[in-house]
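Only one structure is covered here, and it is reproduced in the block below.
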Amino acid sequence: MTPVDVALQDALRSAIRRYVGTLADAGGAAPGRGHDTLDVDSLDIPVQSVPDDKPGDYGSPVAFSLARLLRQNPAEIARALAALVDLPVGVARIAAVGPYLNVDLDPATFVCEVIDAPLAGSATGRKIVIEHTSVNPNKEAHVGHLRNIVLGDALARIERASGNEVEVQNYIDDTGRQAAESLFATTYFDERDPGEQKYDHWLGALYVRLGRAKESDAEAIEAGVTGVMHALERGELRSEVERIVRAQLATYGALGVEYDLLVWESDVVAAGFLDRGLEVLEALPSIRRPTEGKFAGALVMDVSAFLPGLEEPLVVLVRSDGNAMYVAKDIGYHLWKIGRLEGLRYRPFATQPSGATLWTSAPEGEATVDGRSFAHGDQAVNVIDARQSHPQTIVRTALQMTSGERAVVPLHHLAYEVVTLEGQAMSGRKGITLAIDTVIDEAVRRARAVVAEKNADLSAIDDIARAVGLGALRFAMLKSEARRVIDFRWEQALSLAGDSAPYVQYAHARASSILRAAAEVAVPAGSRTTGADWTTLGPLEVRLAREIARWPGVLAAAAEDDAPHVVAQYALDLATIWNGYYNHRGADGRPDTSVMRAESGLREARIALVGKVRDTLAFALATLGIEAPEQM
RNA sequence: GCACCCGUAGCUCAGUGGAUAGAGCAGCCGCCUUCUAAGCGGUCGGUCCCAGGUUCGAAUCCUGGCGGGUGCACCA
């Protein structure tokens, strides 16, 4: 909803009220036509962008719904309303186009309004806890994880840009089987890291090797892994796991991804979240401890009241041997995320490239650090593989049961589909993977070759190649909906043309280039740009400004729906409209949108508009975690 | 078997109940005597999986099919 939309809605509403009034005056002549019962105040008045081949900038199909309510021809209603309506500020004319009511904007007013509008949302006071990455600490991260990381990071940036406080958590499953297997593999094979490759890569290879060795020596390996798992639970191998996590974090750092807090599973358990979560649950009637049947001795939760139709409505929380299931720990963790449990301790873990401190949960840490309070989210969002939708639903259901039937559980699952590799399912266990580190290197290498070819004299070529290569990679992971399967193919993922980040970055560099040339004439300062004569602007500028005007709504929708692809698609749209403007030719076949060669007054107004184009492109890319170089 | 997700141009995908369904890639034809051609314009290409229904209006909502993916452990 832009200010123009709102003003237009108000104007149309008044006109409709007046129109209905005239029908009422004609009163007895037209009984039962609906005007006497029509509730104009609550009438929905849609305002939409007009297709490019139709007259007008914005239009409303409101006459259709009125036609039904008033039993009249929609085109007639549109004509009548066009005659009755008072023009809102910024609107040059309103006319009926068939049954539609279309408006032409006043270029000067509209463009000034657009270039003065803020790009970021105002502060909401809401805190959103986003969990993403959460890669098992036993191997290098691969392109399947890349999708998770990039989605989560983009969502965090989108929520921040929308005015929310965001805390990004990365959950470390340090007591799981996978970490145990990798660590055990080093002793089983008696291998020591020669330091020739990243530690997580070296360890990942041993993990795969151990998987193969199980075929011939299953029993001994099982016993050894179990031993390591117990040691992990006692917290004895924390520094070994930390070493893996640090190696993985180097990859995320290279992608430009940072976190606020690492949450270790062993700390979640030690803080009592598991036990206290279970206490809360055990008070509920749907929690039982059967003494016979297949779940004898286990603690189970009956979810049938919330998830009808399940073949097996009982979910095991604690096994009959006394060991808690993962989902039980997850329930405790999530009760803490939304502020219903307390007790983790924290210490600094690392200083990230931006300078921000990465915190970690730690048994020996402090309860409060640096004056900040972790968790206490008004909303929690989990970026997790769609294959885990069922366990996520169980966690959500447990929170629902502890909150009351009608309570709104502030937990979202951003479920994303898998990434396949040239059509093949990836498998860490089988070693069919493609490491993020490998892809980053290749992406930057390819981008560097193109930058060197197109623009060899740029001094910051390495930085630009990095921004372009990583941008292409991230964008490929973000441009489609999360629920779509992505088949990773090199040519597609690292493409520098078409629907890609470099396309948007190029549009941004073009605008930047103009603004460099313009710097001596006028610096864009919105509607206060010196020397601008707004009345010289025309439909071409309005078309461009209309696209910019969409941004706040796009940002809000992306945040509301946890949908970064909405921002990616918008960035492509704005870049397309801007490129079209840039290359536009008049009826005589000559360029008619030149900024620097435009006459004084028009030139300054265009400089201000181009400044807004550049800022909007850069801001949209930034919410996706993609840099926008000034030159490329 | 039950549940969830997907089905739109040759391929990969956008598309908030509204105007003649749009991009990119691939194919074909054009545009650098200068604000960046990583670009722009044109052209070719559609039973929006099928059948009903709701609606003034459906790719979009509902029901039933068909095809594909995923999930349904005292694993994580």
From CD1 (A:Ile158) to CD (A:Glu560), nearest 0.5 Å: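 The CD atom of A:Glu560 is 12.5 Å from CD1 of A:Ile158, to the nearest 0.5 Å.
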Ring-base stacking, A:Tyr100 with B:rG18 (5.5 Å, 30° cut-offs):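 According to the criterion (under 5.5 Å, under 30°), no, A:Tyr100 does not stack.
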Identity of whatever pairs with [N] - Watson-Crick or G-U, under 3.5 angstrom:
| N | result |
| --- | --- |
| B:rU60 | none |
| B:rG24 | B:rC11 |
| B:rG41 | B:rC29 |
| B:rC2 | B:rG71 |

Please evaluate the base of B:rA19 for a donor-acceptor partner in the side chain of A:Asn102 within a cut-off of under 3.5 Å?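 Answer is yes: a donor-acceptor pair is held.
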Does A:Ser320 get its side chain close enough to the base of B:rC74, under 3.5 Å, for a donor-acceptor pair?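 It does, because a donor-acceptor pair links the side chain of A:Ser320 to the base of B:rC74 below 3.5 Å.
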Is any side-chain nitrogen or oxygen of A:Lys54 closer than 4.0 Å to OP1 or OP2 of B:rA19?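 So the side-chain polar atoms of A:Lys54 never come under 4.0 Å of the phosphate oxygens OP1 or OP2 of B:rA19.
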Any side-chain N or O of A:Tyr582 below 4.0 angstrom from OP1/OP2 of B:rA37?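 Answer yes for this pair, as a side-chain N or O of A:Tyr582 is under 4.0 Å from OP1 or OP2.
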Of all of residues 561-575 of chain A, which get a heavy atom below 4.0 angstrom from RNA chain B, listed by number?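 Here the set is A:His565, A:Gln569.
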Let's see if you get this right: which residues in residues 503-515 of chain A place a heavy atom under 4.0 Å from RNA chain B?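 The answer is A:Tyr503, A:Tyr506, A:Ala509, A:Arg510, A:Ser513, A:Ile514.
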Is A:Arg510 positioned over the aromatic face of A:Tyr582, cation under 6.0 angstrom from the ring centre and no more than 45 degrees off axis?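 Positive - A:Arg510 is close enough to the ring of A:Tyr582 and near enough to its axis.
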Calculate the interatomic distance between [X] atom [atom1] and [N] atom [atom2]; express it in whole Å.
| X | N | atom1 | atom2 | value |
| --- | --- | --- | --- | --- |
| A:Asp53 | B:rG18 | CG | C1' | 14 Å |
| A:Met596 | B:rU36 | CE | P | 10 Å |
| A:Asn583 | B:rU36 | CG | P | 12 Å |
| A:Leu307 | B:rC4 | CG | P | 11 Å |
| A:Asn579 | B:rG39 | CG | P | 8 Å |
| A:Lys454 | B:rG39 | NZ | P | 7 Å |
| A:Leu66 | B:rG18 | CG | P | 17 Å |
| A:Lys479 | B:rG22 | NZ | P | 20 Å |

For [N] and [M], measure between their [atom1] atoms and round to the nearest Å.
| N | M | atom1 | value |
| --- | --- | --- | --- |
| B:rA19 | B:rG10 | C1' | 29 Å |
| B:rA59 | B:rG7 | P | 15 Å |
| B:rU20 | B:rU63 | P | 29 Å |
| B:rG15 | B:rG24 | C1' | 15 Å |

Any salt bridge linking A:Asp57 with A:Arg546? Criterion: basic side-chain nitrogen under 4.0 Å from a carboxylate oxygen.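 Answer for the salt bridge query: yes.
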Under 4.0 Å between a Lys/Arg side-chain N and an Asp/Glu carboxylate O for A:Arg466 and A:Glu627?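 Result for this pair is no, no salt bridge flagged.
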When we call it a touch if two heavy atoms are under 4.0 Å apart, what does [X] touch: a base, just sugar-phosphate, or nothing?
| X | answer |
| --- | --- |
| A:Arg489 | nothing |
| A:Arg483 | sugar-phosphate |
| A:Asn323 | nothing |
| A:Ser389 | nothing |
| A:Glu265 | nothing |
| A:Thr420 | nothing |
| A:Val610 | nothing |

With distance as the sole test, does A:Ser389 use its side chain to make a donor-acceptor pair with the main-chain N or O of A:Ala386 at under 3.5 Å?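 Yes, A:Ser389 side chain to A:Ala386 backbone: donor-acceptor pair under 3.5 Å.
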Keeping A:Arg147 on the side-chain end and A:Glu417 on the backbone end, is there a donor-acceptor pair under 3.5 Å?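 Yes; at least one donor-acceptor contact below 3.5 Å.
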Name all residues meeting the side chain to side chain contact (heavy atoms under 4.5 Å, CB included) criterion together with A:Glu312; count only those two or more places apart in sequence or in a different chain, and write none if there are none.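 A:Lys294, A:Phe295, A:Leu314.
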Can you name the residues that form a side chain to side chain donor-acceptor pair (under 3.5 Å) with A:Glu233, not counting sequence neighbours?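 Partners of A:Glu233 by the side chain to side chain donor-acceptor pair (under 3.5 Å) criterion come out as none, since no residue qualifies.
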Earlier contact from the 5' end, RNA chain B, for A:Val595 and A:Ala298: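 Of the two residues, A:Val595 wins.
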Hey, which of these two, A:Lys294 or A:Ser49, hits RNA chain B nearer its 5' end, going by closest nucleotide?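 Going by which nucleotide is closer to the 5' end, it is A:Ser49.
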Tell me the closest heavy-atom pair linking [X] and [Y], and the distance in Å.
| X | Y | result |
| --- | --- | --- |
| A:Ala522 | A:Glu604 | CB-CG, 3.8 Å |
| A:Leu515 | A:Pro524 | CD2-CG, 3.9 Å |
| A:Pro564 | A:Leu624 | O-CD2, 3.8 Å |
| A:Arg614 | A:Ala511 | CB-CB, 3.9 Å |

For A:Gln169 and A:Tyr333, test the side chains for any donor-to-acceptor distance below 3.5 angstrom and give the result as yes or no.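 Looking only at side-chain atoms, A:Tyr333 and A:Gln169 do form a donor-acceptor pair, the distance falling under 3.5 Å.
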So, A:Gln631 versus A:Asn455: side-chain donor-acceptor pair below 3.5 Å or not?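 Not at all, the side chains of A:Gln631 and A:Asn455 share no donor-acceptor pair under 3.5 Å.
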Which of the following nucleotides, B:rC35, B:rG18, B:rA14, is nearest to the side chain of A:Phe64?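 Ranking B:rC35, B:rG18, B:rA14 by closest atom to the A:Phe64 side chain puts B:rG18 first.
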Can you name the salt bridge (charged side-chain N to carboxylate O under 4.0 Å, His left out) partners of A:Asp174, sequence neighbours left out?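 A:Asp174 satisfies salt bridge (charged side-chain N to carboxylate O under 4.0 Å, His left out) with no other residue.
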Taking syn as within 90° of 0 and anti otherwise, name the glycosidic form of B:rC32.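 Syn, which is what one calls it when the glycosidic angle falls within 90° of 0.
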Produce the list of close N/O pairs, under 3.5 Å, pairing protein atoms with atoms of nucleotides 69-73 of chain B; give distances to one decimal.
none

